[in-house]
Amino acid sequence: MTVRVRYGPSPTGEPHVGNIRTALFDWLFARHHGGQFLVRIEDTDQRRTVEGAEERIFDALRWLGIDWDEGPDIGGPYAPYRQSQRLPLYDEAVEKLLADGAAYRCACTPERLDALRKVQQSHKQPPGYDGHCRSRPLAEVEREIAEHEGRFVVRLRIPEDGVTEVVDALRGAVSFDNALLDDHVLRKADGYPTYHLASVVDDAAMAITHVFRGDEWLSSAPRHLLLYRALALEPPVFVHLPVILGPDKGKLSKRHGAVSVREYAAQGFLPEAMMNFLALLGWAKDDRTVQMSVDEIIAAFDIDGLGTTSATFDLERLTSMNGAYIRDLSADAFLARVGPWLEERLPAAVPRPVDAGILRPVAPLIQERVKLLSEVVDYTDFFFLEGPLPYAGESLLGKGFRNDRSGALAALTEVRSVLAGVEPWTAERIEAALRGLADRLELKPGVLFTPVRIAVTGRTVAPPLFETIALLGKERTLARLQDAAERLEQVAG
RNA sequence: GGCCCCAUCGUCUAGAGGCCUAGGACGCCAGCCUUUCAAGCUGGUAGCACGGGUUCGAAUCCCGUUGGGGCUACCA
């Protein structure tokens, strides 16, 4: 039997990392088993459906490198792949259930239900539908439905006693007492199915073999199982995944930083790093493997590697992995990835299009320093800028020259004249010249190099100095040293 | 409140009765390297929630306690 797995997002907003992680597991499982992975849009709540959310879900999947074999955008043998377009199928199931007496129409109004809930709460009774319409005479229910302009819901008739046993692939058999389950709604008054009905009908219709979903569904799994039975359908294998928690052990939310995949992309995370990180949130290949290519993950991924405990989203670990992925990029790939960031974030004064290629000589030096692609801009903007750099003159008086303006000025002037004589203009020659100068001035190299770095890059943190100066060229370097000296003159000494 | 799930270093995890004086990774600390920042290398810190059983032997099995999470909607 071919493995068929589905990802069923609700188009209600920006795709959440927890949600996308489920999609990733779906996809990895399907790919590992050579099966099919499909996307099915679960838009059964008209009020919550958000315009454009569907496309954002696709974007998030594509960004991560997840592809699908069937879906609303590409069709497939089980089309349509949007639940709002499959209403007749749910109606058909409802008619069958009604005819069999496995379900019943309910005329109770939301107001009555609210009141019921309040009473139950005040009496410390377990909340839930009281079965008001379950046993009333049909004629009476129908008359009431007519009074409500034909509005009614359909509820599943849950057995009054007995136990329903759900088998979860991760936890084994879990038993639920039927008496504690209420007759939940299958079809709402607006004619749309609830998740319970739609997912059961569609998973069966689409020949889904394995259902991966969040832990929060485990409690309703017995309802689904009962529905499968009532419909005489074969249930899939259920895999309830532990949720992803925020750093405070609560639900992952905006308070903890980014929760949508798009935001991570916008911060300079690499999709392959994100995928690796997400895969490791609740799954492990063995006791030591951390960094894996997509193919390696697919080859190793299976249910037996999944855990049962909820994992905390650790941004530091993600960031560290991202740095490792960036360092592993080839020089060309790094340059190609960095291009768009320079284009977008470099000051407007830099002419476009930006040529990331001019970074080529120093790219490896930068590559091993950044953990996010976005950081590249801070490490390289001075290569692209012409004219005075944006920094404060006071910063030239670092720890070495604190309260010693004339010392710093003298040093910079010396540096300038020494560098003026360097020929050829190579990192090696520049280094020799500057080290020789530090010696002559009886300054520790770090003391001399710090103001030079700021003068030349405008920053206290920068790529290695000599290579930087070499790439900058003699003319620009000398001009910047000159500019730094002038700024020092103006600093109150 | 009721029902259900979960419980190994701060974090992600390995561990399916003896291989565990519990392994790896991130983080953190120290050292080396060093022009800043990284990277790299070396070493270190830190954990089986608690209490009972079962067993010759338990992180691993059972029960309880505690803690965390979920569900309890005409949302998914």
Side-chain angles (χ1 to χ4, degrees), chain A residues 8-10 12 19 42-45 47-48 106 108-110 113-114 117 120-121 123-129 151-155 166 168 170-171 174-177 180-182 184-190 192-196 198-199 213-222 240 242-243 245 247 249-251 277 280-291 304 307-321 323-324 327 365-371 375 379 398 431 434-435 438 444-450 452-454 457 459-466:
Chain A
S10 286
T12 53
N19 208 322
E42 313 214 328
D43 53 348
T44 56
D45 187 343
R47 290 171 314 161
R48 296 207 314 153
C106 169
C108 295
T109 60
L113 265 19
D114 281 346
R117 212 170 351 253
Q120 287 165 333
Q121 270 163 7
H123 289 254
K124 301 237 161 128
Q125 296 290 315
Y129 184 59
R151 291 176 69 84
F152 66 94
V153 303
V154 175
R155 292 179 183 274
V166 174
D168 176 84
L170 295 179
R171 309 154 221 270
V174 183
S175 297
F176 295 86
D177 203 339
L180 265 15
L181 265 30
D182 68 344
H184 62 280
V185 172
L186 296 176
R187 192 176 65 191
K188 303 175 253 185
D190 64 3
Y192 277 69
T194 57
Y195 169 86
H196 309 294
S199 69
R213 60 179 16 168
D215 234 353
E216 68 271 21
W217 291 109
L218 186 55
S219 303
S220 34
H240 291 98
V243 294
L245 269 24
K249 297 293 176 192
K251 240 185 168 151
F277 171 75
L280 257 19
L281 230 42
W283 173 81
K285 177 177 187 282
D286 52 40
D287 64 336
R288 54 196 61 243
T289 312
V290 174
Q291 202 173 327
D304 59 14
T308 49
T309 59
S310 39
T312 303
F313 190 95
D314 182 4
L315 188 59
E316 298 217 62
R317 181 168 147 104
L318 205 211
T319 306
S320 154
M321 288 182 73
R327 290 193 293 278
L365 269 23
I366 297 159
Q367 197 174 342
E368 66 181 27
R369 285 175 163 69
V370 297
K371 290 186 169 153
E375 288 170 354
Y379 269 104
E431 174 164 12
L434 289 180
R435 284 192 190 282
K444 294 213 294 207
V447 171
L448 177 63
F449 297 167
T450 299
V452 174
R453 175 176 301 107
I454 294 169
T457 68
R459 297 181 177 277
T460 52
V461 174
L465 190 56
F466 315 121

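Just the heavy atoms: all of them, side chains too, but no hydrogens, waters or symmetry mates, feed the values below. Protein chains get the first letters and strands the later ones, always in sequence-line order, with residue 1 at the start of each.
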[N] - base-pair partner by Watson-Crick or wobble geometry, distances under 3.5 Å:
N       : value
rU54(B) : none
rU21(B) : none
rU65(B) : rA49(B)
rA30(B) : rU42(B)
rA14(B) : none

For this session: Please name the pair of heavy atoms, one in His196(A) and one in His184(A), separated by the smallest distance, quoted to 0.1 Å.
Result: CD2-CD2, 3.8 Å

Exercise. Closest approach of Leu280(A) and Val290(A), non-hydrogen atoms and distance?
Worked result: CD2-O, 3.5 Å

Quick one: is [N] close enough that its OP1 or OP2 comes under 4.0 Å of any side-chain N or O from [X]?
X         : N       : result
Thr308(A) : rA7(B)  : yes
Arg117(A) : rA73(B) : yes
Arg151(A) : rC74(B) : no
Thr194(A) : rC74(B) : no
Thr44(A)  : rA76(B) : yes
Lys285(A) : rA14(B) : no

Under 4.0 Å between any heavy atoms, over every strand shown, what does [X] touch: base, sugar-phosphate, or nothing? Just pick one.
X         : answer
Pro464(A) : base
Leu280(A) : sugar-phosphate
Cys108(A) : base
Ser175(A) : sugar-phosphate
Lys444(A) : nothing
Leu281(A) : sugar-phosphate
Ala311(A) : sugar-phosphate
Val153(A) : base
Gly282(A) : sugar-phosphate
Pro463(A) : base
Thr460(A) : base
Phe277(A) : nothing

For this session: With Arg155(A) as the cation and Tyr129(A) as the aromatic partner, state whether NZ or CZ is under 6.0 Å from the six-membered ring centre and within 45° of the axis.
Result: yes

For this session: Name all residues meeting the ring-ring contact (aromatic ring centres under 6.0 Å, His included) criterion together with Phe466(A); count only those two or more places apart in sequence or in a different chain, and write none if there are none.
Result: Phe449(A)

Give the nucleotide from the list [options] with an atom nearest to the side chain of [X].
X         : options                   : result
Val243(A) : rG24(B), rG69(B), rA39(B) : rG69(B)
Asp45(A)  : rC75(B), rG27(B), rG24(B) : rC75(B)
Pro127(A) : rA73(B), rA7(B), rC74(B)  : rA73(B)
Leu180(A) : rU35(B), rG2(B), rA76(B)  : rG2(B)
Arg327(A) : rU35(B), rA39(B), rC6(B)  : rA39(B)
Ala284(A) : rC26(B), rA76(B), rU13(B) : rU13(B)
Glu368(A) : rA38(B), rA76(B), rC6(B)  : rA38(B)
Tyr379(A) : rC74(B), rC37(B), rG1(B)  : rC37(B)

Problem set entry | Whether Tyr195(A) and Trp217(A) hold their rings parallel, tilted or perpendicular, with breakpoints at 30° and 60° | parallel

For this session: Flag the pair Glu375(A) and Lys371(A) as a salt bridge only when some basic side-chain nitrogen lies within less than 4.0 angstrom of an acidic carboxylate oxygen.
Result: no

Exercise. Does the pair Asp168(A)/Arg171(A) count as a salt bridge with the N-to-O cut at 4.0 Å?
Worked result: yes

Problem set entry | Closest-nucleotide ordering on RNA chain B, the 5'-leading residue of Tyr195(A) and Leu218(A) | Leu218(A)

For this session: Between Arg453(A) and Gln120(A), name the one whose nearest nucleotide on RNA chain B is closer to the 5' end.
Result: Arg453(A)

Separation of atom [atom1] in [X] from atom [atom2] in [N], rounded to whole Å:
X         : N       : atom1 : atom2 : value
Lys188(A) : rC75(B) : NZ    : P     : 4 Å
Lys371(A) : rG27(B) : NZ    : C1'   : 10 Å
Arg317(A) : rC28(B) : CZ    : C1'   : 16 Å
Glu216(A) : rG68(B) : CD    : C1'   : 16 Å

Exercise. Rounding to the closest angstrom, what is the interatomic distance between rU13(B) and rG52(B) at atom C1'?
Worked result: 29 Å

Problem set entry | Euclidean distance for C1', rG47(B) against rA7(B) (whole angstrom) | 12 Å

Exercise. What about Arg369(A), does its side chain sit under 3.5 Å from the base of rC37(B) through a donor-acceptor pair?
Worked result: yes

